[in-house]
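Working notes for the structure below.
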Amino acid sequence: MDFWSRLLAHTPLSSASSRKDFAKDPARRLHRFEKEYSQLLHTWRHSSNLAHDDEAAEQIEIRLQELTSLLSDESRRPLPHPCISFAAAKQVYIPVAKIATSSYNEWIIKEAVLFFATLIESEEEAFVENDNFSGSLTNLLVRITGANSIRLSAEIEARIVELAFNITTKIRLNPEILPAWFKSHHHGPHDAKHVDDHDKFTGKTQKQDFPLFYLLMDYIHHEGKVGDFARTGLLYIIEAASSSVLLEQWIVESDLSTLMATGLGALYSQLSRKLVIDHPSNEVPPCLALSDYEHPKSNYEIVSSCSPEFLSHVDTFLSHLLFWQDVLNHCKSVEVKSTLLEHFQVIFLQQLLYPSLLESSDVDGGSSVAVLTYLRRILESVDHPDMINLILHYLLALPDVVSPAPADSGDIVSAARKRKSLDLATMMASKSEEAADPLLFNLVDLIRACLRSQNHQTVHVTLQLVSTILKRHHRYAVTTLLDTEGVLDESHHRTAGAQAQEIDYLMALAGTIGGDDIFNELYENLLRDTLGRVENHPCSTPLITPKTSTNNHQLPAVPDSLPSAPRSVRSHTLRPEDPLLNIMLDRLETFFTNPVETNLCLTEAVIDLAVCGYMHLEGWFLRSPQSYHFDEDDEEDEELPLPDPSLDPESQEYAEYVQMQQLKECRRRPKWNQSSLPRLLKVLQLLCDQVEAYREQVPRFDDLLQQRREAFQIADHAPPIPTPSRARTPSSQAPTVAGTPSIEKGMFDEARNPSRERPSGLEVFAQRILSELGTPSRSGSPRGRKETRRVASERVVPMNDATLLRTPIPNRSFSPTSVASAPAPISWDNRGDILNSQAKAFQAIDQSILARRIGIPEVKPPVDPITLSYDRKPATVSADSAEGGEDASDDAEGEGEGGGEDALLAPSEDGETDAGTVVEEKTVSVSHVLTNVVLLQSFLFEMASVVQVRAGLFDEVRYT
């Protein structure tokens with residue numbers, strides 16, 4: 001029937017071809033547009049209530065779709081564009097906005113938003129500059145997003161915010177269209193009397209001046225595309241304030257700063273007040289899985305740090321904090337920036353952040369853990385110098401620097417900011433509660449108190465906070481967190497001989513821990529990592545940047561706009577009595593019984609103290625040059641030939657002689673006195689002595705330690721380093737200190753970053769490692785450990801300066817006696833069964849050893865030998881007496897082995913020993929100790945790399 005009707009009406013049979021021809025004809029396209037618009041108005045006017053008239057609402061939705069489709073199609077075609085011109089001339093957008101606002105229909109609202117977006121995208125007829133167009137659109141957006149509107153879907157909200165963002169983009173590109181959207185209504189003194197103080201403070205009287213601004217403000221806290229559009233659009237408006245004095249004044253007087261500060265405070269208040277640091281069960285780092293780590297308990301009040309809800313809240317809070325930073329970066333108005341910073345300090349810092357730090361405690365379930373973690377995340381996320389200065393200046397109670405008051409220029413923007421500051425002060429003074437003052441208890445007091453806490457999680461997060469301040473904001477820590485003193489000249493630098501001696505000492509300490517891996521590769525990787533770490537420190541830029549004054553280049557300065565910012569860092573060193581350093585060293589003394597997380601953060605903080613280029617290492621990290629003493633009769637020193645007496649002291653030859661003499665003096669190695677060592681090196685020596693004690697009293701200690709290294713390598717998804725053969729001839733040469741064996745780099749990367757993501761099922765994998773690696777791997781000689789311990793002790797505590805730390809690291813070798821007494825070969829028939837039974841037996845033994853509970857062994861502190869002088873040359877020790885000394889030391893060690901292992905074992909369940917005395921010593925498993933031993937060796941290598949890198953990068957070594 002349709003075919004015959006088309007034929008009689010002389011219409012084309014193909015509808016597709018007719019539509020194409022219809023769209024190409026501007027006149028026919030305009031005719032159809034007018035027809036659709038007329039039907040839209042007819043349906044709207046004949047409907048009493050669109051909210052209850054579904055048929056009329058559906059027809060209006062279809063008509064709006066057709067109008068938008070025609071406009072969109074025409075904008076892509078060549079001129080002329082009669083439909084767009086008709087929409088501008090007849091102001092079609094006015095009834096469209098009225099229809100959408102009165103419909104309370106989600107689909108009609110959606111089509112109306114698309115209709116306005118199409119007109120703006122057409123970039124014709126100057127719609128965005130038209131006052132009627134801007135009035136209709138802003139009225140539509142305010143009505144459909146207001147409190148009395150219907151609930152819109154996320155898709156429609158995204159389209160609305162995107163439409164507002166497109167308008168701000170055009171304002172940014174063409175500031176001349178700003179008056180169409182922003183109309184400032186100045187309120188005179190008479191009008192101000194009738195305005196409530198609270199309404200005046202919150203800016204409720206100015207929303208009608210710039211509705212688009214407040215529309216975007218309502219969505220800046222949203223996540224996803226909606227929040228991104230809202231925040232970016234608001235940044236464009238703030239950036240446009242630099243070209244409009246009226247807009248700049250309006251922003252200062254508006255409640256932008258109040259809403260942003262209160263919004264940030266609201267997001268901070270949503271964060272949990274009690275927190276425990278945890279890892280997902282399938283993502284526990286290997287260094288924690290292979291220790292005594294236990295998942296902390298969480299409940300409805302105490303939240304876990306790996307909870308998805310908690311992570312979502314933290315991300316939302318930090319995103320809004322970064323929006324603050326973006327606003328300050330885009331804002332070119334000094335007055336607007338000052339107003340924002342003032343509200344940030346008064347509303348957020350003084351009213352929320354500092355009180356939460358002051359009221360925190362590690363007794364009530366982790367409030368200290370929570371607030372210190374939030375503060376660390378804030379300091380890690382924010383880079384703007386003014387925000388950092390406000391936060392740390394207030395929390396560290398730095399003295400205020402009063403800047404000279406500028407002359408009164410009569411600027412209306414400055415006057416507006418002063419009125420806003422007065423309103424803020426009045427509003428804060430009206431509160432009955434008195435704000436706490438950091439002068440009584442500041443962040444330094446909190447950090448020191450938390451580092452002494454018995455809660456290891458509190459210590460853990462506090463050390464992380466300390467590392468963040470040292471790495472990113474070191475200049476704030478120089479006079480507050482640290483007890484430092486200035487260094488004025490280069491006499492505080494160490495000599496070349498002392499430099500080599502210090503590195504050899506640290507490498508020797510690492511060598512006493514032993515290992516079958518090749519450590520050269522590890523140390524090379526550590527040197528590269530340390531070099532990048534030192535170069536990336538914020539204090540290193542002026543030290544390593546070449547002076548290019550000939551090209552008129554200047555070093556980048558810190559762009560602080562606040563007068564209270566601390567000055568640039570100068571050369572300084574850490575006093576040995578520094579409270580923070582000594583608290584950290586107290587924790588370091590219990591290294592093997594500390595939680596692994598604590599040790600990771602502890603060693604990280606020590607390294608962070610040492611990487612600053614202005615922080616001298618002498619006195620606290622290394623020996624002080626004032627404590628150097630040399631042997632005058634050192635046989636290894638060759639006297640330089642005296643110069644010719646007739647040589648002129650002013651001649652070049654005499655100057656070269658003096659320089660060679662100075663170079664020879666700086667290459668001499670000072671006497672190694674235990675009393676001259678800083679406490680850090682003494683503690684490290686003590687820890688290495690404790691490793692020796694563990695080696696004596698824990699069966700198969702070296703084999704289990706090597707298995708632990710291999711376990712880390714397997715967990716790092718890297719093939720294990722081939723273990724060199726243990727069977728060596730007695731004449732085989734051992735590597736020297738320069739070729740100190742190395743652990744694979746990935747293991748120490750994991751040790752430095754416990755939060756690194758790991759594959760699922762890691763705990764199960766760790767248990768499998770403990771079972772599979774329990775293979776019968778025995779030392780070739782029963783006396784191998786004793787020989788290693790004896791030679792290592794000789795290297796670390798030398799008896800003379802000439803042979804200091806030059807003894808090569810020994811390797812265990814087969815004893816000829818044990819080879820001679822070896823049993824006869826076993827027949828091949830039952831060899832496999834015997835090996836399997838031995839493997840199971842050794843596996844069970846290893847498991848029992850790993851599960852054993854041990855404490856910190858008692859190690860006698862080293863005592864410097866008493867030198868008696870009778871005005872004669874001291875006698876040299878003969879080879880026979882040296883061998884006798886070794887035998888005596890062996891006998892002494894044998895006597896200590898009898899009760900040493902029992903002394904390390906934990907007491908019985910009733911807490912008493914055989915003698916009936918109560919023992920309160922903390923004990924951990926042997927497995928836990930092994931992991932910490934690996935971390936200690938990593939730390940020693942890292943310390944040596946820091947000393948070596950700094951010497952080459954900052955010219956810290958004296959040669960003359």
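From Leu246, atom CG reaches atom CG of Asp209 across 10.5 Å, with rounding to the nearest 0.5 Å. Expressed to the nearest 0.5 Å, how far CD1 of Ile251 lies from CD of Gln249 amounts to 11.0 Å. Atom CD1 in Ile84 sits 4.5 Å away from atom OG in Ser122 (nearest 0.5 Å). In this structure, the separation between CD on Glu36 and NE2 on His31 is 10.0 Å, given to the nearest 0.5 Å. Considering CG of Leu71 and CZ of Arg29, their distance stands at 10.0 Å, rounded to 0.5 Å. Rounding to the nearest 0.5 Å places CD of Glu129 at 10.0 Å from NZ of Lys170.
Proximity of a side-chain donor or acceptor of His81 to a complementary backbone N or O of Glu74 within less than 3.5 Å is detected. A donor-acceptor contact shorter than 3.5 Å is absent between the side chain of Asn174 and the backbone of Ile177. The backbone N or O of Leu259 sits less than 3.5 Å from a side-chain atom of Thr262, completing a donor-acceptor pair. A donor-acceptor contact shorter than 3.5 Å is absent between the side chain of Ser381 and the backbone of Ile378. When atom types are taken as modelled, the side chain of His384 and the backbone of Leu322 share no donor-acceptor pair closer than 3.5 angstrom. Between the side chain of Ser47 and the backbone N or O of Trp44 there is no donor-acceptor pair closer than 3.5 Å. Between the side chain of Asn166 and the backbone N or O of Glu162 there is at least one donor-acceptor pair closer than 3.5 Å. No donor-acceptor pair closer than 3.5 Å links the side chain of Ser312 to the backbone N or O of Pro308. Distance alone, capped at 3.5 Å, places no donor-acceptor pair between the Glu124 side chain and the Ser85 backbone. Thr101 places a side-chain N or O within donor-acceptor distance of the main-chain N or O of Ala97, the cut-off being under 3.5 Å.
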Using the rule given for side chain to side chain contact (heavy atoms under 4.5 Å, CB included), can you reason through Leu352 versus Ser269, listing the C-alpha separation, both sets of side-chain angles and the distance that settles it, and then say yes or no? CA-CA 8 Å; Leu352 288 172; Ser269 300; 4.0 Å; yes

Passes ring pair (Phe, Tyr, Trp, His ring centres under 6.0 Å), Trp181 versus Phe213? Steps please. CA-CA 9 Å; Trp181 302 91; Phe213 180 88; over 10 Å; no

Using side chain to side chain contact (heavy atoms under 4.5 Å, CB included), reason through Leu349 and Ile391 one step at a time and then give a plain yes or no. CA-CA 7 Å; Leu349 290 182; Ile391 295 172; 3.9 Å; yes

Glu66 vs Arg32, test: salt bridge (Lys or Arg N to Asp or Glu O under 4.0 Å). Steps then yes/no. CA-CA 9 Å; Glu66 291 295 333; Arg32 182 180 175 186; 2.8 Å; yes

Do Glu248 and Ser333 pass the side-chain hydrogen bond (donor to acceptor under 3.5 Å, both in side chains) test, and can you show the C-alpha distance, the side-chain angles, and the key distance before you say yes or no? CA-CA 7 Å; Glu248 182 181 7; Ser333 170; 2.2 Å; yes

Can you check side chain to side chain contact (heavy atoms under 4.5 Å, CB included) on Leu215 and Val142, steps first, answer last? CA-CA 7 Å; Leu215 172 68; Val142 170; 6.0 Å; no

Quick one: do Ile120 and Ile167 satisfy side chain to side chain contact (heavy atoms under 4.5 Å, CB included)? Show the steps, please. CA-CA 8 Å; Ile120 293 176; Ile167 298 173; 3.8 Å; yes

Working note: Arg172 + Thr168, criterion side-chain hydrogen bond (donor to acceptor under 3.5 Å, both in side chains); need CA distance, chi angles, decisive distance, verdict. CA-CA 6 Å; Arg172 183 193 186 201; Thr168 61; over 6 Å; no

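Side-chain contact check for Leu152 versus Ile150: some heavy-atom pair is nearer than 4.5 Å. Residues Ser48 and Asp53 form no side-chain contact, since every pair of their non-hydrogen atoms from C-beta on lies 4.5 Å or further apart. In this structure the side chain of Leu443 reaches within 4.5 angstrom of the side chain of Ile469, judged on heavy atoms. The shortest side-chain heavy-atom distance between Ile388 and Tyr476 falls under the 4.5 Å cut-off. No side-chain heavy atom of Gln208 sits under 4.5 Å from any side-chain heavy atom of Lys183. Counting heavy atoms from C-beta outward, Ile94 and Phe133 have side chains that stay 4.5 Å or more apart. Put simply, the side chain of Phe317 does not reach to within 4.5 Å of the side chain of Tyr374, judged on heavy atoms. Leu40 has its side chain within reach of Ile60: a pair of non-hydrogen atoms, C-beta onward, lies under 4.5 Å apart.
Nearest approach of Tyr104 to Asn148, heavy atoms of both residues: CE2-O, 3.8 Å. Residue Pro82 comes nearest to Pro26 through the heavy atom pair CG-O, 3.5 Å, listed as atom of the first residue, atom of the second, then distance. The two atoms that bring Gln345 and Leu390 nearest to each other are OE1-CD2, 3.1 Å, heavy atoms only. For the pair Val371 and Ser356, the tightest heavy-atom approach, listed with the atom from each and the gap, is CG1-O, 3.7 Å. Smallest separation of non-hydrogen atoms from Ile109 and Ser103: CG1-OG, 4.3 Å. Minimum heavy-atom separation, Glu239 to Ser242: O-OG, 2.9 Å.
Counting only residues at least two apart or on different chains, the salt bridge (charged side-chain N to carboxylate O under 4.0 Å, His left out) pairs with a member in residues 92-110 are Lys110-Glu155. Sorted by first and then second residue, the salt bridge (charged side-chain N to carboxylate O under 4.0 Å, His left out) pairs involving residues 222-238 (not counting sequence neighbours) are Asp228-Arg231.
Between Phe182 and Phe210, the two ring planes are tilted [angle within 30° to 60°]. Ring geometry for Tyr214 against Trp250 counts as perpendicular: the plane angle is over 60°, on a 0 to 90° scale with 30° as the lower cut.
Put simply, the residue from Ile238, Leu234, Thr232 that forms a side-chain contact (heavy atoms from CB on, under 4.5 Å) with Tyr236 is Thr232.
A centroid separation of less than 6.0 Å is found between the aromatic rings of His222 and Tyr219. If you look at Tyr268 and Phe348, their ring centroids are closer than 6.0 Å. Aromatic ring centres of Phe116 and Phe127: separated by at least 6.0 Å.
Electrostatic pairing of Arg472 and Asp383 counts as a salt bridge here, judged by a charged N lying under 4.0 Å from a carboxylate O. The residues Lys90 and Glu34 are annotated as not salt-bridged, no charged nitrogen and carboxylate oxygen being separated by less than 4.0 angstrom. Electrostatic pairing of Arg77 and Asp73 counts as a salt bridge here, judged by a charged N lying under 4.0 Å from a carboxylate O.
Around CD of Gln270, the count of heavy atoms belonging to other residues, nucleotides or ligands within 6.0 Å exceeds 12.
Inspection of the Asn132 and Tyr93 side chains reveals no N or O donor paired with an N or O acceptor under 3.5 Å.
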